[in-house]
Enquirer: 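Got a structure for you, questions after.
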Amino acid sequence: MVFLCPFLGMACLWDYNERRIPNVIPAGIWGVGMIYRYSASGWRGLFEYIISLAIVTLVLFPLFRLGMIGGGDVKLIAVSSGYFPGKDAVIFVIMVFVLSSIPALVKIIRSGSIGSRFGFLGKYIKSCMIRKEAGMYMSGKEDRIHAGIAMSGPVLASAVLHWGGVY
């Protein structure tokens, strides 16, 4: 975690200021993670890192394609998950989404948009059922940025919770 958290801190600074994560940060996390897992567990650790990265990417990619999560967030979560062995990687990803729900809930409560947000979700689900295919959740980039949250903070918080022994 001592290698991961500084990178995640940089991602937070960038994400909260610019609402984007430059590719160099996930690339750095990936490179250091590969070295870390190889030095800690040899070829097996390296293989586990690659498998974790691939599975998380495959699971989150559909959410990205539907506009429900940003590409930088997917990359950040995927390359970070490789630092965690076995079930801890799964717990890490789940914790990211649990922790992401807190600022999202605060945001919709503060804006007074709970009803309209659930109404939008209902219309989206109904539209998908009628068309029998999933479409973009929100079409405009500005709408997604305005409605969404920066997930780099929950990614960092999840890593720190693991580092602190919470899971």
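Heavy atoms only: backbone and side chains are in, while hydrogens, waters and symmetry mates are out. Each residue takes its place number in the sequence, starting with 1. Treat the numbers as computed from the prediction; the structure is a model and nothing was measured.
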Enquirer: For a 4.5 angstrom cut-off between non-hydrogen side-chain atoms, does Y49 reach F84?
Expert: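 Counting from C-beta outward, Y49 and F84 never come under 4.5 Å.
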Enquirer: When rounded to the nearest 0.5 angstrom, what distance separates CE in M34 from CG in L53?
Expert: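 Going from CE on M34 over to CG on L53, the span is 8.5 Å.
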Enquirer: When rounded to the nearest 0.5 angstrom, what is the spacing between CD1 in I25 and CG in L13?
Expert: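 The distance works out to 8.5 Å.
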Enquirer: Between the side chains of R131 and S127, does any donor sit under 3.5 Å from an acceptor?
Expert: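 Yes, side-chain donor-acceptor contact under 3.5 Å.
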Enquirer: With a 4.5 Å cut-off on side-chain heavy atoms, are V56 and V79 touching?
Expert: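 No; the side chains remain at least 4.5 Å from each other.
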Enquirer: When you measure from the side chain of S111 to the backbone of K107, do you find a donor-acceptor pair of N or O atoms at a distance under 3.5 Å?
Expert: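 Yes, S111 side chain to K107 backbone: donor-acceptor pair under 3.5 Å.
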Enquirer: May I ask whether L156 and V106 are part of the same hydrophobic cluster, defined by side-chain heavy atoms of I, L, V, M, F, W, Y residues being less than 4.5 angstrom apart, directly or through others?
Expert: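 Not linked; separate clusters.
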Enquirer: About how many Å separate CG of N23 and NZ of K75, when rounded to the nearest 0.5 Å?
Expert: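 That separation rounds to 3.5 Å.
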Enquirer: Heavy-atom distance under 4.5 Å between the side chains of M151 and F97, does that happen here?
Expert: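 When only atoms from C-beta onward are counted, F97 and M151 do touch, with a gap below 4.5 Å.
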Enquirer: Might you point out which heavy atoms bring F3 and F7 nearest each other, and give the distance in Å?
Expert: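 Of all heavy-atom pairs spanning F3 and F7, the closest is O-CD1, 3.2 Å.
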Enquirer: Does H162 have its ring centroid less than 6.0 Å away from the ring centroid of F92?
Expert: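 Distance test on ring centres: not under 6.0 Å, no.
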Enquirer: Ignoring hydrogens and angles, state whether a donor on the side chain of Y83 or S52 is under 3.5 Å from an acceptor on the partner side chain.
Expert: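 Note: Y83 and S52 side chains miss the donor-acceptor criterion.
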Enquirer: If Ile, Leu, Val, Met, Phe, Trp and Tyr residues are connected whenever their side-chain heavy atoms lie under 4.5 Å apart, and connections chain through other members, are V166 and M95 in the same group?
Expert: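 In one cluster: yes.
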Enquirer: Please test L8 against S152 for side chain to side chain contact (heavy atoms under 4.5 Å, CB included), starting from the C-alpha separation and ending with a verdict.
Expert: CA-CA 7 Å; L8 293 177; S152 56; over 6 Å; no
Enquirer: Going only through I, L, V, M, F, W and Y residues with side-chain contacts under 4.5 Å, is there a path from L161 to V90?
Expert: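 L161 and V90: separate clusters.
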Enquirer: For V160 and C5, which heavy atoms make the closest approach, and how far apart are they?
Expert: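 Of all heavy-atom pairs spanning V160 and C5, the closest is CG2-SG, 4.1 Å.
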Enquirer: Please examine the side chains of D73 and V96, heavy atoms only from C-beta on, and report whether any two atoms are closer than 4.5 Å.
Expert: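 Not touching, per the 4.5 Å side-chain cut-off.
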Enquirer: Is there a path of hydrophobic side-chain contacts, each under 4.5 Å between heavy atoms of I, L, V, M, F, W or Y residues, that connects L105 with I94?
Expert: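 No.
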Enquirer: Could you measure the distance from the CD1 atom of I35 to the CH2 atom of W30? Nearest 0.5 Å is fine.
Expert: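 One gets 9.0 Å once the value is rounded to the nearest 0.5 Å.
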Enquirer: Can you establish whether the number of heavy atoms outside Y167 located under 6.0 Å from its atom OH is more than 12?
Expert: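 For Y167, atom OH is crowded (more than 12 foreign heavy atoms under 6.0 Å).
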Enquirer: Among L99, V98, I77, which one satisfies side-chain contact (heavy atoms from CB on, under 4.5 Å) with P154?
Expert: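 Checked L99, V98, I77 against P154; only one passes side-chain contact (heavy atoms from CB on, under 4.5 Å): L99.
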Enquirer: Honestly curious: do M129 and M68 fall in one hydrophobic cluster under the side-chain, below-4.5 Å linking rule?
Expert: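 Cluster IDs for M129 and M68 match.
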Enquirer: What distance separates C128 SG from E133 CD, expressed to the nearest 0.5 Å?
Expert: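 It is 8.5 Å, given to the nearest 0.5 Å.
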Enquirer: Hey, are the side chains of L4 and I29 touching, using non-hydrogen atoms and a 4.5 Å cut-off?
Expert: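 L4 reaches I29 side chain to side chain.
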Enquirer: What I'd like to find out is whether the side chain of F61 reaches to under 4.5 Å of the side chain of L66, using heavy atoms alone.
Expert: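 F61 does not reach L66 side chain to side chain.
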Enquirer: For S81 and A78, work out which heavy atoms get closest and say how close.
Expert: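 Between these two residues, the closest heavy atoms are OG-O, 2.7 Å.
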Enquirer: Closest approach of Y16 and A150, non-hydrogen atoms and distance?
Expert: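 Heavy-atom minimum between the residues: OH-O, 3.4 Å.
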Enquirer: Treating R37 as the side-chain partner and G82 as the backbone partner, does any N or O pair qualify as donor plus acceptor under 3.5 Å?
Expert: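 Such a contact is found between R37 side chain and G82 backbone.
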Enquirer: To the nearest 0.5 angstrom, please state how far the CD1 atom of I102 sits from the CD1 atom of I149.
Expert: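 Nearest 0.5 Å value for the CD1-CD1 distance: 9.5 Å.
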